[in-house]
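Just below is one structure, and these are the notes that go with it.
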Amino acid sequence: MGGYGAFGSSLRDLPRLRASRRGRVSSWDQTGGNTDNIRVEPGQTRELADIRGPGAITHIWCTVALDHVGKPAELEGDYLRRLVLKITWDDQPHPAVLVPLGDFFGMGHGRSANFVSAPLQMSPQDGKGFNCWFAMPFAGRARFELISELSVKPVTFYYYIDYETYAEADPELGYFHAQWRRQNPTDGVEQGDQTNEEFLFGGTNIGGEGNYVILEAEGRGHYVGTVLNVHNLRRTSDWNWYGEGDDMFFIDGETWPPRLHGTGTEDYFNTAWCPGQVYQAPYHGLTMPGGPNWSGQVSYYRFHVEDPVVFDRSIKVTIEHGHANKRSDDVSSVAYWYQTLPALPVTLAPVEDRIPRPL
């Protein structure tokens, strides 16, 4: 067997013969029965896979059982924030992925719905089939774990982790990382005597201080995706658009203004004019558009597959929460990136700080 190879995964390249060995770790019933799942108790961490390399994870599928013998399961409604996917590469002391399960697969607020993107998908029924096609190379070891921070009931978990192994590792391949963050609420300002137009569109932000921070990383790598979730907390009958926040990427310690400075929240996610419609494309989409007057819960994705953001030493990915950081909403996110090891530790807020607000 050779190494990872110089080929891609396009239809044009599929005929190219490859030198690798395909493998899978799954929850199949090794007694030959049909109990093709694992049971994860509240407070328990279960190892899903421990794979020796060199290799690459090529696909992940999983689902959490919501029915048992025809009867509705009494799962906590916020279970997708209480279940956490943990991935550790090459015996590093810290995980590279530590993200609530639902958020990792592309949708926030502890919810699921059918949607299609190139690297992440939620499939029928009602988005309960989670899929990931981000390639995840590793040199020595890939360890997957599922952490349950449910407080009442166990969960039944089904999964595939598909991978390839090679004869040698490629030193020019980065390691996949993902991190979840939340600011609840963001540090905005009171409207006071400002008109609605002044509050939503007025003021200045020179420097980027106070922006919502999606990621801070050190090392060499490239940034490949964002899931951004907003729960609109402003109660008003006035025009209540939550966006207007510019994205700002600070690369390799650069000062303001950064090379990558955007023009508005919906613009970074490749939509326009304050969208209120569900939309799905390979690299960008709006899976949850909110309710009337942009109320309630919103979830976007933007994947930099054709346009990764390269950094040599560091990267800081930020976005304003409303123009000039005036809005005080519940904002959370997942950042996806590749980089060299070792990396800064990926951390995760305690479970009580992850629970989504009720609608």
Neighbour count >12 (heavy atoms, 6.0 Å) for atom CZ, Arg220: no

Check: Asn37 side chain, Phe157 main-chain N or O, donor-acceptor pair, under 3.5 Å: no

Check: Gly219 main-chain N/O paired with Thr340 side-chain donor or acceptor under 3.5 Å: no

Shortest non-hydrogen contact from Pro119 toward Pro282: CD-O, 3.8 Å

Enclosure of Glu197 CD (heavy-atom neighbours >12, cutoff 6.0 Å): no

Side chain to side chain donor-acceptor pair (under 3.5 Å) partner of Glu320, the single match among Thr265, Thr186, Asn205: Asn205

Beyond-backbone contact of Val346 with His94, side-chain heavy atoms, under 4.5 angstrom: no

Other cluster members, Tyr160 - Ile/Leu/Val/Met/Phe/Trp/Tyr, side-chain contacts below 4.5 Å: Trp61, Tyr158

Residues, nucleotides or ligands: over 12 heavy atoms within 6.0 Å of Arg22 CZ: yes

Neighbour count >12 (heavy atoms, 6.0 Å) for atom CG, Asp187: no

Gln191 and Asp193, any side-chain heavy atoms less than 4.5 Å apart: no

Sidechain-backbone polar pair: Asp90 side chain, Gln92 backbone, donor-acceptor under 3.5 Å: no

Whether Gln280 side chain and Val116 backbone form a donor-acceptor pair below 3.5 Å: yes

Side-chain donor or acceptor of Asp246 paired with backbone N/O of Gly264 under 3.5 Å: yes

Sub-4.5 Å side-chain heavy-atom contact between Arg82 and Ser151: yes

Asn114 side chain to Gly127 backbone, donor-acceptor under 3.5 Å: yes

Joint hydrophobic cluster, Ile251 plus Tyr336, side-chain heavy atoms closer than 4.5 Å: yes

Step-by-step side chain to side chain contact (heavy atoms under 4.5 Å, CB included) determination, Met136 to Val97: CA-CA 11 Å; Met136 305 179 189; Val97 173; 6.0 Å; no

ILVMFWY cluster, Ile57 and Leu341 together (side-chain gap under 4.5 Å): yes

Joint cluster assignment, Leu150 & Val40, ILVMFWY side-chain distance < 4.5 Å: yes

Side-chain heavy-atom pair Thr287, Val227 within 4.5 angstrom cut-off: no

Side-chain donor-acceptor contact under 3.5 Å, Tyr283 with Asn270: no

Side-chain H-bond candidate by donor/acceptor type, Tyr300 with Thr271, under 3.5 Å: no

With Ser117 via side-chain hydrogen bond (donor to acceptor under 3.5 Å, both in side chains) - residues at least two apart: none

Asp252 side chain vs Arg313 backbone, donor-acceptor pair below 3.5 Å: yes

Same apolar cluster: Val309 and Tyr212, side chain cutoff 4.5 Å: yes

Passing option when Tyr301 is tested against Phe115, Phe269, Phe104 for ring pair (Phe, Tyr, Trp, His ring centres under 6.0 Å): Phe115

Any donor-acceptor pair under 3.5 Å from His321 side chain to Gly210 backbone: yes

Modelled atom types, side-chain donor and acceptor of His231 and Asp330, under 3.5 Å: no

Side-chain heavy atoms of Pro137 within contact of Asp170, under 4.5 Å: no

Salt-bridge present (Arg234, Asp329; N to O < 4.0 Å): no

Side-chain donor or acceptor of Trp89 paired with backbone N/O of Phe176 under 3.5 Å: yes

Verdict with supporting geometry, Arg302 and Asp307, salt bridge (Lys or Arg N to Asp or Glu O under 4.0 Å): CA-CA 11 Å; Arg302 166 72 160 96; Asp307 56 345; 2.7 Å; yes

Modelled atom types, side-chain donor and acceptor of Asn131 and His59, under 3.5 Å: yes

CA sep, side-chain torsions, deciding dist, call: Tyr79, Lys153, side chain to side chain contact (heavy atoms under 4.5 Å, CB included): CA-CA 10 Å; Tyr79 70 98; Lys153 295 285 185 178; over 6 Å; no

Under 3.5 Å side-chain donor-acceptor pair for Arg327 and Asn240: yes

Arg357 vs Leu233 side-chain heavy atoms within contact, under 4.5 Å: yes

Candidate list Trp337, Phe249, Phe303, test ring pair (Phe, Tyr, Trp, His ring centres under 6.0 Å), partner Tyr223, passing option: Phe249

Side-chain donor/acceptor of Glu254 to backbone N/O of Arg259, under 3.5 Å: yes

Ile60 side chain near Tyr159 side chain, heavy-atom distance below 4.5 Å: no

Criterion side chain to side chain contact (heavy atoms under 4.5 Å, CB included) against Asn229, the qualifying member of His109, Met288, Arg182: His109

Summary of side-chain hydrogen bond (donor to acceptor under 3.5 Å, both in side chains) pairs that have at least one residue in residues 288-298, sequence neighbours excluded: Arg111-Gln297

